[in-house]
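One structure below.
Just follow the structure's listing: the first ligand is 1, and inside any ligand the first atom is 1. Because the structure is predicted, anything quoted here is derived from the model rather than measured.
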Amino acid sequence: MLETTSNAEKLNVLKNETKKLNIAVLPGDGIGPEIVEQALNVTKAICLKFGHSLNYEFGIVGACAIDSAGEPYPKATHDLCMKSDAVLFGAIGDPKYDNDPSAKVRPEQGLLKMRKDLGLYANIRPVSTFPSLIHKSPLRADLVEGADFICIRELTGGMYFGRPQGRSEDGNTAYDTCIYTREEVERILHLAYKFALQRNKKVTVVDKANVLATSRLWRQIAQEIAPQYPDVETEYMFVDNAAMRIIQWPKSFDILVTENLFGDILTDEASVITGSMGMLPSASIGIYTSVFEPIHGSYPQAKGKNIANPVATILSAALMFEYAFDMKEEGGLIREAVTASLIAGVVTEDIATDGNAFKTSEVGEWIVNYISK
Ligand code: IPM
Ligand code: MN
């Protein structure tokens, strides 16, 4: 039997009795190990600075886990996550599986299983700009400057998990199923409203209620819940329109809440506001241990080259201090250090100008030095 202590209860214990941080570190595939190494170094530097003791243990997930253990999310990794206070995660994926649609086991199944088994129903993806990177966005500066919103993506339902999924016997027809239950929709919407209450009090519910039954359920439940939060303005938007509005008027959003697949797509799109996908962190929270991970993937072309941007993962570590450990100052210092590195121009090639690119490890070291000084 799994223990059902809620995250909140666990956190109280942690806050009141000890400042020992137990984290599981899952680097995964591709650039995962390189970027996680930097985020872990930053985590260590923060713990040293603030006098917290840090315990960390590595686990395998993704293609590397298929290679060494035969499955993408082995039980040992799950057990490690369950006994930890937070999980720092890199990325998973390997082109050898992408190019083989008939592969029975795929690295992505590991990520989905981890999300499901840890009950991570909410993926929090904050989108904001850094003044020194405004010129890196392909969008006009006046549109992106000051954009600051949070995408809350439902993470354990919808088409990613709906069954049946598969192929007809002759192989010429394929099907996925999109399913949502009232309970799943209610909990993510309440979470969205709670976030909105802490911010600018606006929730945009994104769906495709003009076509999809699941979307009509979302909208119906949102209409029931909205009056419970009279201080929050609710806006309903079809996903196609939202895709346009995100780049046309990003400043109009505060909290955007949506189902799994829409959220996956819209957050990649939203990353262009920041200037690079390598900048966007995320927190996956829910029933058991929370997972902190960059929104980008495993970027196999850059694997082992020490060129990938570690900032999304480092900012995910900031979210880890804030959300999992309720340590606002620690998270804030990481953000300050990242901002300073951007101003100093200590950045990787994706956001560098005039060929002045730094290596993954150089960016990480600069940030660690800033924190440690
Ligand atoms: C993400 C990723 C994953 C997803 C993939 C790797 C399965 O794109 O975290 O956004 O689609 O959820
Ligand atoms: Mn994605």
Side-chain angles (χ1 to χ4, degrees), residues 26-33 35-36 39 60-66 71-73 77 81 87-101 103 105-127 150-162 165 176-178 180 184 188 206 239 242-243 246 256-274 276-286 290-303 308-309 311-313 315-316 319-320:
L26 312 185
D29 308 318
I31 55 167
I35 52 176
V36 165
I60 53 170
V61 65
C64 63
I66 301 177
E71 46 181 333
Y73 183 59
T77 302
C81 292
V87 178
L88 189 59
F89 172 68
I92 56 145
D94 191 305
K96 86 178 173 210
Y97 296 95
D98 296 341
N99 301 328
D100 176 11
V105 198
R106 317 181 61 80
E108 287 75 11
Q109 290 164 350
L111 183 55
L112 299 193
K113 190 164 166 44
M114 177 167 81
R115 288 171 178 170
K116 197 68 168 181
D117 291 358
L118 292 176
L120 304 173
Y121 60 81
N123 185 222
I124 317 294
R125 298 187 162 182
V127 181
I150 297 182
C151 291
I152 299 188
R153 167 187 175 193
E154 200 290 328
L155 201 59
T156 51
M159 199 117 68
Y160 276 60
F161 293 94
Q165 177 188 66
D176 297 284
T177 308
C178 188
Y180 269 106
E184 287 171 325
I188 192 85
V206 172
V239 63
I246 281 176
L256 186 162
V257 62
T258 193
E259 65 97 54
N260 203 344
L261 182 59
F262 296 163
D264 178 49
I265 298 167
L266 293 179
T267 48
D268 267 30
E269 186 197 7
S271 75
V272 305
I273 293 167
T274 310
S276 167
M277 230 179 130
M279 300 293 301
L280 244 60
S282 87
S284 299
I285 60 178
S290 303
V291 173
F292 300 87
E293 55 173 306
I295 80 145
H296 60 71
S298 58
Y299 192 12
Q301 303 86 335
K303 178 182 174 173
N309 191 343
V311 166
T313 320
L315 290 174
S316 300
L319 290 178
M320 174 176 81

If you scan protein heavy atoms around atom 1 (C) of ligand 1, the nearest is R125 NH2, 3.4 Å
the protein heavy atom lying closest to atom 9 (O) of ligand 1 turns out to be R115 NH2, 2.8 Å
- Item | S282 side chain vs E293 backbone, donor-acceptor pair below 3.5 Å | yes
Near the Mn ion (ligand 2), meaning under 2.8 Å, the protein N/O/S atoms are D264 OD1
| D29 side chain vs D94 backbone, donor-acceptor pair below 3.5 Å | no
protein heavy-atom neighbour closest to atom 5 (C) of ligand 1 works out as L111 CD2, 4.2 Å
The closest protein heavy-atom partner of atom 7 (C) of ligand 1 is E108 CG, 3.7 Å
Under 4.0 Å between heavy atoms, the region of R153 that gets near ligand 1 turns out to be side chain
State, without any angle test, whether R115 and T156 hold a side-chain donor-acceptor pair at a distance under 3.5 Å. no
*Consider only side-chain N and O atoms of Y160 and D176, and report whether a donor and an acceptor are under 3.5 Å apart.*
no
Is the number of heavy atoms from other residues, nucleotides or ligands under 6.0 Å of K303 NZ greater than 12?
no
Given 3.5 Å as the limit, does a donor-acceptor pair link the side chain of S316 with the main chain of A312, or not?
yes
Original post:
Taking atom types as modelled, is there a side-chain donor on E108 or Y97 under 3.5 Å from an acceptor on the other?
Top reply: no
> Heavy-atom distance under 4.5 Å between the side chains of I124 and L319, does that happen here?
Replying inline: no
The protein heavy atom nearest to atom 4 (C) of ligand 1 is Y160 OH, 3.5 Å
Under 4.0 Å from one or more heavy atoms of D264, ligand 1 contributes atoms 1 (C), 4 (C), 8 (O), 10 (O), 11 (O)
Check whether S298 reaches the backbone of G30 with its side chain - one donor and one acceptor, N or O, closer than 3.5 Å.
no
